[in-house]
Amino acid sequence: MTDLQECRNEIDRIDSEIVKLFEKRMKVSEEVAEYKIHTGKQVLDSGRERDKLKTLRGMAHGEFNALGVQEIFQQVMAISRKRQYQLLTEYGADAEQDYEIVDALSLNDVKVVFQGVEGAYSYAAMRAYFPEEIENYHVKTFRDAMEEVASGRADYGVLPIENSTQGIVTDIYDLLTEYQLYIVGEQAVRADHVLLGMPGASLEDISAVYSHPQALAQCKKYLEEHPSWKTIKTENTAASAKKVKEEGNPAQAAIASREAGEFFGLSVLAENICHNGQNVTRFIIVSAKPVYEKKAEKVSVCFELPHESGTLYNMLSHIIYNGLNMTKIESRPIPGKTWQYRFFVDFQGNLEEPAVKNALRGLEAEADSMRVLGNYGQQEEV
């Protein structure tokens, strides 16, 4: 019978040789990087790597070993590229970027657009993020808000992108890829839903409840306790409060914020109706100008990938290898490309940091397309 300890000792000797050969290979890889730096040649040579992997597979004995060799050398080549990206940054060969770094965003005497009406959570997010001395106005749809900023009629737009209960706002992710706008800030707002009705109305009077689909879903358990109530979807929570006030029907109620009730002169008929006590909505602040603050600490990117095995893993490895903390990943279908997806990733960092530069260089080089959506910081929750 083979002695286990002898096998382990032999593996240790082999591993030691592999480490020596790996370091020798990386040394040569650095020399390749120096050549590419001086000649402007791209780091990734997909054709060369495919041919090399095919050759290496052919050297192995058996299909299992062939697949193993392929996986090993895919990783070795990926690590080699990452080292070359690092050297490019160290040599000062920074990738081109449109972004301008500023000490602080210009928030005074600006025009801000938000989707919805006064009293909506987007209105609350705007009030929390911007000083009072601003001009603001509202539009009907998310696209309308994007158009206002893209056209220059508004300096900033305030849009919801994620809720802690219902997840992402998919329309916003899609619009971010359609419009050349930039995320310059974010604001979290606690969505404290209440049931609003006409002054003097009671729960026994209610037969119909209006609100945004997400708010209705967030209060589903409470609504199920009143099966006779008809739920009706509206564009946003504040619009539902406005509708109840304008129609003046005591049989109608709205799920909205307490502030919306105060704004439209409605009474609170029920409190704490959301089944998630930590119901928070995150809003983004978008601008047509690609700027970021020195103190910015979050980077948002989106990218499309070749429809091949392992491509997403390879992309995310640029974030992991550079020691960056990925905080979010989402995917959205790409219109016109069946079963292909665009990925949205958030990670901590600043565009001035070498680790971020290295990661972005790798992402841009190895994706079909990649765009930095913004570098920004989070405001305290309100």
Side-chain angles (χ1 to χ4, degrees), residues 100-164 169 172 179 181-194 196 212 215 235-243 245-246 254-268 279-298 374-382:
E100 174 189 357
I101 187 170
V102 297
D103 291 326
L105 296 175
S106 176
L107 301 181
N108 293 307
D109 299 320
V110 295
K111 187 179 291 187
V112 182
V113 63
F114 64 96
Q115 182 272 337
V117 297
E118 287 81 358
Y121 289 111
S122 55
Y123 179 80
M126 179 194 68
R127 281 303 182 197
Y129 190 88
F130 292 93
E132 291 190 6
E133 301 79 17
I134 62 167
E135 181 180 349
N136 69 85
Y137 63 103
H138 59 84
V139 291
K140 187 175 182 180
T141 68
F142 298 145
R143 180 178 293 277
D144 291 340
M146 289 283 195
E147 286 283 357
E148 292 299 299
V149 179
S151 68
R153 290 187 289 271
D155 299 299
Y156 299 100
V158 180
L159 295 161
I161 194 168
E162 179 184 16
N163 178 266
S164 60
V169 183
I172 300 300
Y179 287 86
L181 299 181
Y182 306 89
I183 304 173
V184 296
E186 70 175 14
Q187 179 68 57
V189 174
R190 185 179 297 277
D192 184 18
H193 295 321
V194 296
L196 301 171
H212 186 273
E235 294 170 356
N236 57 68
T237 54
S240 66
K242 182 180 180 182
K243 177 179 178 62
K245 177 62 175 179
E246 289 177 346
I255 293 176
S257 67
R258 188 182 301 275
E259 291 75 15
E262 294 173 356
F263 188 88
F264 292 108
L266 298 175
S267 298
V268 176
N279 184 25
V280 178
T281 299
R282 184 166 66 94
F283 292 82
I284 55 172
I285 315 301
V286 297
S287 169
K289 298 178 180 179
V291 299
Y292 67 100
E293 295 181 314
K294 287 182 178 179
K295 62 181 180 181
E297 56 193 16
K298 179 191 286 189
N375 189 194
Y376 50 97
Q378 181 177 347
Q379 298 292 320
E380 292 185 6
E381 180 184 310
V382 296

Atom pair CD/CG of Glu133 and Asn108 - distance to nearest 0.5 Å: 6.5 Å
In this structure, is the centre-to-centre distance between the rings of Tyr156 and Phe130 below 6.0 Å? yes
Ignoring hydrogens and geometry, is there a side-chain-to-backbone donor-acceptor pair from Gln115 to Lys140 under 3.5 Å? yes
Listed pairs under 3.5 Å, donor-acceptor, residues 141-149 side chains, sequence neighbours left out:
from	atom 1	to	atom 2	distance (Å)
Thr141	OG1	Asp144	N	3.0
Thr141	OG1	Asp144	OD1	3.3
Thr141	OG1	Asp144	OD2	3.0
Arg143	NH1	Glu178	OE2	2.6
Arg143	NH1	Tyr179	OH	3.3
Arg143	NH2	Glu178	OE1	3.1
Asp144	OD2	Thr141	N	3.3
Glu147	OE2	Tyr179	OH	2.7
Glu148	OE1	Tyr137	OH	2.6
Glu148	OE1	Arg153	NE	3.2
Glu148	OE2	Arg153	NE	3.2
Glu148	OE2	Arg153	NH2	3.1

Return each pair, listed once, that meets side chain to side chain donor-acceptor pair (under 3.5 Å) where at least one residue sits in residues 255-265; pairs must be two or more places apart or across chains. Arg258-Glu271
Residues that Thr281 engages under side chain to side chain donor-acceptor pair (under 3.5 Å), provided they are two or more places apart: Asn163
Test ring pair (Phe, Tyr, Trp, His ring centres under 6.0 Å) applied to His212 - qualifying residues, sequence neighbours left out: none
4.5 Å side-chain heavy-atom contact, Ile285 and Ile183: no
Who are the ring pair (Phe, Tyr, Trp, His ring centres under 6.0 Å) partners of Tyr121, not counting sequence neighbours? His193
Looking at every non-hydrogen atom in both residues, tell me the closest pair between Thr237 and Ala215 and how far apart they are. CG2-CB, 3.7 Å
Student check: side-chain heavy atoms of Tyr376 and Glu186 closer than 4.5 Å: yes
Does any pair with a residue in residues 109-121 pass salt bridge (charged side-chain N to carboxylate O under 4.0 Å, His left out), and if so which ones, sequence neighbours excluded? Lys111-Glu135
